[in-house]
Undergrad: 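Supplied in structure tokens, the structure appears directly below.
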Amino acid sequence: MFFKLSLKNLKHNIIMNLLIVLQMTVVFVIVISMVSTIVSRFKYYTPIKDLLNSKGYFYYIDNAINPQTGATLRETEELYELLDGEENILAAYTPWLSYVDDSSAFVSYDDAFIECYTPDLESGQWFDLSMDQSEVVQVVVSQNPYGFKVGDIIEFDNGYGYTINAEIIGILKEGTKLMGFTVPADNKYDCQSAYISYSYEIEEKTLFIFSQKGLIDKEIVIQLDGPVFVTFPEDTTNEALENNNSIMKQMMTLSVIPLNEMKSNSMDFIFSQLYTLFPILVCILILTLVGAISTSALSAKRQLRNYAVYYICGLKWKQCAVINLFSSLICILISFALSIIAAFIAKATGILGDTVISLGVWQILGCVVIMIIYVLFSIILPLNIIGNNTPNKILKSN
């Protein structure tokens, strides 16, 4: 009954309700944009959040040499042996391999690095560390001129006649983000500068990514090369930190930054644009939301005569407010549906281009919060309007 009466109210005041739908659709679009901006910034921070909240250092190393042996530093276990009291180490390596015309790039990650971050893949999957790689190793490849497909078996050479077979398990999206390939010009690392977009079209090199586990027992040279995270327990003394830092600096280290400083830089990066954009967006959001709520209140006031008739027919004032609530819910759900449909169409047609606007769990939760706020006001304002009038007074005035 309430639903039917609310539909009747909507038909009687269609222009006003269309205005509410339009205003709330704008509100949802603004909310989706605001939340998308925040989510896009935290996308870089989240994978390394635990590391940045730990005591330790981030290093960028160029072809590390073991300071004790003078040989290439080949695996993460060597770092554990060299350092004292460390808690966790994530490191990237360069395997000395070649493929066909040798116009390729190679990188391998240790287990912790692989588990830390998964880049966007066009097809296939990221590394499965439980798989046996004794005979055929796993490899993820960038876009390439060879027409590789997931499941293909290819052969690599170590330069001295020794070859290894690898199965392609995944193919990277063009321009996908990978961790740690450059040193920032200002040497100021944050969660964004820990990544780089890898594009075959720009680099003109096919990138092959391996897991260190798959290569470590093969007859190839592997050398620590690129980003390294080293964390320590919270109770580690400053003296122990400095001693370990001194050892790491002997490994062809190009740059080093404490993790707490990297976290601070990351927070500056995440919120820098938000400080500029958010006051504007929040003002627009408030003005539009207030306009929609005011329109809803005005719509309720115009329905007072109908509510008075319903009251005479046996309904209570609170039940009349429920009818108005149902009308508001219908409007808000239509607005929400329109904004979701618009987001999907924009994404499917590429209208948004390279913008960060997207639709996900957090964006929908943001819209739900706005819906709750709107519905609450849709309950309170009509009750206040209705409660300050009597059926007799309303009917006489009309």
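Numbers for residues simply follow the sequence, beginning at 1.
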Undergrad: For Phe106, give me all partners under ring pair (Phe, Tyr, Trp, His ring centres under 6.0 Å), at least two apart in sequence or on another chain.
TA: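 With sequence neighbours excluded, Phe106 shows a ring pair (Phe, Tyr, Trp, His ring centres under 6.0 Å) to Phe156, Phe208, given in chain and number order.
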
Undergrad: Taking ILVMFWY side chains as joined if any heavy atoms are under 4.5 angstrom apart, and letting links pass through other members, which residues group with Val221?
TA: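 Members alongside Val221: Trp96.
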
Undergrad: Salt bridge (Lys or Arg N to Asp or Glu O under 4.0 Å): which pairs involve residues 211-234, sequence neighbours left out?
TA: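 Those involving residues 211-234 are Asp111-Lys213.
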
Undergrad: Report, one line per pair, each donor and acceptor closer than 3.5 Å where one atom sits in a side chain of residues 339-346; sequence neighbours left out.
TA:
| unit_1 | atom_1 | unit_2 | atom_2 | d |
| --- | --- | --- | --- | --- |
| Ser339 | OG | Ser335 | O | 3.4 |
| Ser339 | OG | Phe336 | O | 2.7 |

Undergrad: Give me each pair satisfying ring pair (Phe, Tyr, Trp, His ring centres under 6.0 Å) with a member in residues 219-250, each pair once, sequence neighbours excluded.
TA: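 For residues 219-250: Phe58-Phe229.
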
Undergrad: Which residue pairs pass the side-chain hydrogen bond (donor to acceptor under 3.5 Å, both in side chains) test when at least one of the two sits in residues 118-127, sequence neighbours left out?
TA: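 Residue pairs passing side-chain hydrogen bond (donor to acceptor under 3.5 Å, both in side chains), neighbours aside: Glu122-Gln143.
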
Undergrad: Determine which pairs satisfy side-chain hydrogen bond (donor to acceptor under 3.5 Å, both in side chains) with at least one residue from residues 152-174, sequence neighbours left out, and list them in order.
TA: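 Listed by first then second residue: Glu174-Ser199.
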
Undergrad: With Phe113, which residues qualify under ring pair (Phe, Tyr, Trp, His ring centres under 6.0 Å), at least two apart?
TA: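 Tyr109.
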
Undergrad: Testing the 3.5 Å rule here: is there a donor-acceptor pair between the side chains of Ser104 and Lys205?
TA: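 Short answer, no.
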
Undergrad: With sequence neighbours left out, what residues match Glu242 under side chain to side chain donor-acceptor pair (under 3.5 Å)?
TA: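 Side chain to side chain donor-acceptor pair (under 3.5 Å) check on Glu242 returns Tyr57.
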
Undergrad: Apply ring pair (Phe, Tyr, Trp, His ring centres under 6.0 Å) to Tyr146 and list each qualifying residue two or more places apart in sequence or on a separate chain.
TA: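 By the ring pair (Phe, Tyr, Trp, His ring centres under 6.0 Å) rule, Tyr146 matches Tyr99, Phe148.
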
Undergrad: To which residues is Val136 joined in a hydrophobic cluster, defined by side-chain heavy-atom contacts under 4.5 Å among Ile, Leu, Val, Met, Phe, Trp and Tyr, whether direct or through other members?
TA: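 Besides Val136, the cluster holds Ile153.
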
Undergrad: Under the salt bridge (charged side-chain N to carboxylate O under 4.0 Å, His left out) rule, collect the residues that match up with Lys263, sequence neighbours excluded.
TA: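 Counting only residues at least two positions away or on another chain, Lys263 forms no salt bridge (charged side-chain N to carboxylate O under 4.0 Å, His left out).
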
